[in-house]
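To keep things clear, I will list the structure first and then write my remarks on it.
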Amino acid sequence: MNIKSAEFVISNTDYKLCPQDGKPEYAFIGRSNVGKSSLINMITDRKGLAMTSSKPGKTMLINHFVINNEWYLVDLPGYGYARRSKDSREQLQMLIEDYILEREALTSLFVLVDSRHKPQQIDLEFMEWLGENGIPFSIVFTKGDKQGPERLRMNVEEYKQELLKAWEELPPIFVTSSEKKVGRDVLLDYIKSINEGLTKK
Ligand code: GTP
Ligand code: MG
């Protein structure tokens, strides 16, 4: 898919205030600092579109970006950033959970996972919560450039084995590097095929 246009639309603290024009939307979630905002910039090929930071906790709101005037990419705050007050953590958690459970336009959710780490409890529990609530998701491994290809392959394989302990089937899995622009075409094709399925209905 060609990205002809990618524009920031609005930031919100509440899913109820998000755009109501019915365009399908694709959201990125995952731990703080995993690379959600960077992936949005990589996919759209627009460097400063979503704000990124080397410090965790940068994205605090639900951010909508309209792509080709047809669909939205949504950048969400990360979960699990310990250096925040309990109140602020709980508030963000509520914002994320409400968005995921209530947002009708949410077409596909991508859970981002740092490809360098062993499976982390916080991510596995989050996916479990999605499963319990009947929310389908895909997994996007990020920062693939931060290790060699063999190590990367092994980590992804290990992760799949861990998932298969809890799940009968694996979700769609993508391996990316925003730094090296890896995974862009596959992700965009995936989104395109879902969009096409929606218009046929
Ligand atoms: P929060 O908004 O705080 O939840 O973080 P985020 O998930 O949006 O992460 P962000 O995109 O801001 O990236 C965090 C840091 O990781 C930044 O310093 C990025 O440059 C870096 N980063 C993100 N993706 C990649 C990648 O694919 N490769 C490398 N080497 N660094 C990356
Ligand atoms: Mg961010």
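Computed over heavy atoms, backbone and side chain alike; hydrogens, waters and symmetry mates excluded. By convention here, the first residue in the shown sequence is residue 1. In listed order, ligands and their atoms are each counted from 1.
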**Prompt:** Just wondering, is there an N, O or S atom on Ser37 that's nearer than 2.8 Å to the Mg ion (ligand 2)?
**Reply:** yes
**Message:** Below 2.8 Å, can you find an N, O or S atom of Thr52 next to the Mg ion (ligand 2)?
**Reply:** no
**Prompt:** Are Trp167 and Tyr159 close enough that their ring centers fall under 6.0 Å?
**Reply:** no
**Asked** Can you check whether Phe65 and Tyr72 have ring centres sitting under 6.0 Å from each other?
**Response** no
Starting from [atom], what is the nearest protein heavy atom, named by residue and atom, and what distance separates them?
atom: atom 9 (O) of ligand 1; result: Gly35 N, 3.2 Å
atom: atom 18 (O) of ligand 1; result: Ser54 CA, 3.3 Å
atom: atom 13 (O) of ligand 1; result: Ser38 OG, 3.4 Å

**Asked** Between Glu157 and Arg153, is there a side-chain N and carboxylate O pair less than 4.0 Å apart?
**Response** no
**Prompt:** Does an N or O anywhere in Val34 fall below 3.5 Å from an N or O of ligand 1?
**Reply:** yes
**Asked** Is there a side-chain contact between Asp123 and Tyr79, using heavy atoms and a 4.5 Å cut-off?
**Response** yes
**Request:** Decide side chain to side chain contact (heavy atoms under 4.5 Å, CB included) for Glu158 and Lys118; before the verdict, give the C-alpha distance in whole Å, the side-chain angles of both, and the deciding distance to 0.1 Å.
**Result:** CA-CA 8 Å; Glu158 210 176 300; Lys118 301 239 172 283; 3.3 Å; yes
Distance under 4.0 Å to a non-hydrogen atom of [X]: what atoms of ligand 1 satisfy this?
X: Ser32; result: 4 (O)
X: Ser53; result: 12 (O), 13 (O), 14 (C), 15 (C), 17 (C), 18 (O)
X: Thr59; result: 1 (P), 2 (O), 3 (O)

